[in-house]
Undergrad: 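This structure is in structure tokens; I'll ask about it shortly.
Side-chain atoms are counted along with the backbone in the values below, which use heavy atoms only and exclude waters and symmetry mates. It should be emphasised that the depicted structure is a prediction, and the values quoted were computed from it without experimental measurement. Just so we're on the same page: letters track the sequence lines, and every chain starts at 1.
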Protein chains: 2
Amino acid sequence: MKVTGDQALVKKINRSLVLHTIRKHSSTLSRARVSELTGLNKATVSNLVAELCEQQLVTEVGPGKSSGGRKPLLLHFNAMAGTVIGIELRVKQLKAVLCDLGGNVLEERDHALERHDLSYVLEAMKKVISSLMESAPDTPYGTVGIGVGVPGMVDENGVVLFAPNLGWEMVHLRQLLEEAFSVPVTIDNEANAGAQGELNFGAAKDVRHLLYISAGSGIGSGIIIGGELYKGARGYAGETGHMCIEADGRPCTCGSRGCWELYASEKTYDTADVTLPAHNTPELVRLASTGNEAAREQFAQMGKYLGIGVTNLINSFNPELIVIGGALSEAREWLAGPMQAVVAERTLPYHKQQLEITFSRLGSRGTMIGAGFAAVMHFLGHARVTL
Amino acid sequence: MKVTGDQALVKKINRSLVLHTIRKHSSTLSRARVSELTGLNKATVSNLVAELCEQQLVTEVGPGKSSGGRKPLLLHFNAMAGTVIGIELRVKQLKAVLCDLGGNVLEERDHALERHDLSYVLEAMKKVISSLMESAPDTPYGTVGIGVGVPGMVDENGVVLFAPNLGWEMVHLRQLLEEAFSVPVTIDNEANAGAQGELNFGAAKDVRHLLYISAGSGIGSGIIIGGELYKGARGYAGETGHMCIEADGRPCTCGSRGCWELYASEKTYDTADVTLPAHNTPELVRLASTGNEAAREQFAQMGKYLGIGVTNLINSFNPELIVIGGALSEAREWLAGPMQAVVAERTLPYHKQQLEITFSRLGSRGTMIGAGFAAVMHFLGHARVTL
DNA sequence: TCGACTTTGTATATTGGTTAAACAAAGTTT
DNA sequence: AAACTTTGTTTAACCAATATACAAAGTCGA
């Protein structure tokens, strides 16, 4: 959209600056400190804070310690000003949480999915959302948004362009949910949502260049560059599961061959050469931990191929931190070793020096929380300028 | 950098909006039409245009056709208000142009490079730049910037982090050139520069989602999403040459194995199984056109592997248009067929419907012109807001 | 305990940009 | 020639940020 500059815009930008500064350092900043951090004049900060207080998004939490003068009045981001719903749509499951504006989980729901057709899934979503909305505590703004993470490509209008694992194409999911609940809805790629979750509340707090790999029934990645989600036209980037790692490898449903996710996701369970003792991750993890060799070997193979793909991404994006999330992160104990070995062998020394690989801290909740966070950001607003 | 909102910022944003609107539709817009296009008030446009006229960036070019009222005064973007220098640093060659602010080439220089050590290359660059600066016509602002495209990763401060084909690491190129010439310098990845060139002046004018593949001594890609260069922390994105397309393929200097550019760039010349009749692209192209089978087969193989990598990128980014540039675009006649065949076979029908693959229109000049354009944009300023 | 100093936060006048509305200028149409 | 259209400028009003002065509330040393 074409944006022109006027005073309303200036105010939006500065309000956003002040609000998010307080949010990120809740209960530790005074007006004076916010003024220093943002570069805004003290008076401007005072005015904007007054407005935010009226809107109940910020409260004064009491005096802090003096450093030789008047005691500062510490400002608190009022996370309980409203709630959001975060949803992760998986292939066989619908997971949802009710969060406050600070990403704290207040309620949680799980719902098994038997089919993937839109009307069935939509009905299930509506049920779960209604249930969470009813359980929401009384807050000034109520439930201010719904964020959904889906396993597929999403455009800037919240249309699911393509979700192969669900068999969806061109589903106007945002519109459908907004019509049903009359609340702003944000739709994100599942990996992008997970990346946002880990960046804001998990293993990657305040990392500038992050690569989040979501390994489950497929593989997706969320890429954070310069502290911001590198989403391009939303969800387009990071569709790395179909990165070809074997030129003449197995044919994939995507039309190509040798795609990464055929070798390093739960898809391997169906095509594995050896007979596996189980065909789902939780069961295989259980078996591996009891010493089952076939299960361990399976994870070792997947770890190796995970490492190959991760190496590609390291060589492309040179992140500071890599977080592995998704259902497969449960198997970290058996994946990590082989994966790290491949990465150590294949990446340039130049990359290795500042690189760390870790697993999701939010676990299976990361995507939901991240999706909910997108709704929070939509509610709070996030204007900024590129020069 | 932290940016706060004030009236100066508002003016910057609006000035930028007006200036670039006029630039993109030079000599066809009146003040009234600019007001409509930008959404700014007529008075605001008048004021900003007056200022731009004073700065000699815009001139009134005369009356247009009336549509039932007073004739409009058409506004012209004064491309000759200044000049920029665009440089492409290749492995064996330094190519440079002097352009006006509209990307029109005024002078051109070529300089062979015998070595890659920094001091030697820097000396060559200085010579070429000085020569172009001296030949620059007299303009109000003179030579306002230097843009360089380099075959490697570049960070946001113009530091060449890593350029394997030159053996460079952590070269503060921007700083070095700015100190030598006291003119703003922009450093870009070579593929990103090429993408910018084709987007603004070449085969991809006004395309929203573009994938530019630069295939030469290596492979890089420039990704345009939503009409803007998707560069993340500059140059990090698009380092696709080291995308692994053969899990246990040939070892690469990058530390990995089976990298794309080992199979689809000029690097194949050195590792080809069969004895090639020549080991450089121009010669092979000549041979292929005279009917040499070995040369044609070589290009066919490269085309196939180009297609494999391109398919990966299509499945990841779903662009509208793919432009193949770089030295290998000279061989389009023999590459295109095999490449298209692989792409057609491997991509999803969903992607194919809106996808077009073409070759560079600016040819070998694309990167230079794009690099120069980056300098133009730096000079003109390009403030905008994200909500 | 008192006064000097510090730090926090607010009030006031100024600045500088956009804007709506009226207006002037220069056409076309009937 | 009168009525209408379109272009571009002038005017006054508005509004957010800012510098500056100031009030409030603390610390610290003698």
Undergrad: Name all residues meeting the side chain to side chain contact (heavy atoms under 4.5 Å, CB included) criterion together with B:His378; count only those two or more places apart in sequence or in a different chain, and write none if there are none.
TA: B:Pro184, B:Thr186
Undergrad: Output the rounded distance in Å from CD (A:Glu36) to C1' (C:dT6).
TA: 13 Å
Undergrad: Ignoring hydrogens and angles, answer whether the base of D:dT7 and the side-chain atoms of B:Arg70 contain a donor-acceptor pair closer than 3.5 Å.
TA: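 Flag set: donor-acceptor pair detected.
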Undergrad: Do the side-chain N or O atoms of B:Arg31 get closer than 4.0 angstrom to the phosphate oxygens (OP1, OP2) of D:dT9?
TA: yes
Undergrad: Under 3.5 Å between N/O atoms: give me all the protein pairs with nucleotides 15-19 of chain C, atom names plus distance.
TA:
from, atom 1, to, atom 2, distance (Å)
C:dG16, O4', B:Gln7, OE1, 3.3
C:dG16, N2, A:Gln7, NE2, 2.7
C:dG16, N2, B:Gln7, NE2, 2.2
C:dG16, N3, B:Gln7, OE1, 3.0
C:dG16, N3, B:Gln7, NE2, 2.5
C:dG17, N2, A:Gln7, OE1, 3.3
C:dG17, N2, A:Gln7, NE2, 3.4
C:dT18, OP1, B:Asn14, ND2, 3.1
C:dT19, OP2, B:Asn41, N, 3.2
C:dT19, OP2, B:Thr44, OG1, 2.9

Undergrad: Quick one: side chain to side chain contact (heavy atoms under 4.5 Å, CB included) partners of B:Ala43, sequence neighbours excluded?
TA: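 B:Ala43: side chain to side chain contact (heavy atoms under 4.5 Å, CB included) contacts with B:Asn41.
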Undergrad: Could you pull out all residues at least two apart from B:Ser46 that satisfy side chain to side chain contact (heavy atoms under 4.5 Å, CB included)?
TA: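 In terms of side chain to side chain contact (heavy atoms under 4.5 Å, CB included), with neighbours along the sequence ignored, B:Ser46 is linked to B:Arg31.
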Undergrad: Could you pull out all residues at least two apart from A:Arg70 that satisfy side-chain hydrogen bond (donor to acceptor under 3.5 Å, both in side chains)?
TA: none
Undergrad: Can you sort out the partners of A:Asp100 under side chain to side chain contact (heavy atoms under 4.5 Å, CB included), two or more places apart, ordered by chain and number?
TA: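 By the side chain to side chain contact (heavy atoms under 4.5 Å, CB included) rule, A:Asp100 matches A:Ala79, A:Met80, A:Asn104, A:Leu106.
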Undergrad: Does the side chain of A:Ser46 get closer than 4.0 angstrom to OP1 or OP2 of C:dT10 through an N or O atom?
TA: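 For C:dT10, OP1 or OP2 has a side-chain N or O of A:Ser46 closer than 4.0 Å.
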Undergrad: Which whole-number value in Å describes the distance from B:Leu29 CG to D:dT7 P?
TA: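 Roughly 12 Å, once rounded to whole Å.
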Undergrad: Examine the base of C:dG9 for any acceptor or donor lying under 3.5 Å from a partner atom in the side chain of A:Lys42, and report the outcome as yes or no.
TA: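 Present.
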Undergrad: Does the pair A:Val84 and A:Phe379 meet the rule for a side chain to side chain contact (heavy atoms under 4.5 Å, CB included), with working shown?
TA: CA-CA 9 Å; A:Val84 294; A:Phe379 170 63; 5.7 Å; no
Undergrad: Has B:Ser67 got a side-chain N or O lying under 4.0 Å from the OP1 or OP2 atom of D:dT6?
TA: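 Checking B:Ser67 against D:dT6: no side-chain N or O falls below 4.0 Å of OP1 or OP2.
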Undergrad: Please report, rounded to the nearest Å, how far the C1' atom of C:dT8 is from the NZ atom of A:Lys65.
TA: 18 Å
Undergrad: Can you tell me how far P of D:dG26 sits from CG of A:Leu74, to the nearest Å?
TA: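 It is 13 Å, rounded to the nearest whole Å.
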Undergrad: Start at the 5' end of DNA chain D and walk down; is the nucleotide closest to B:Gly69 or to B:Leu73 reached first?
TA: B:Gly69
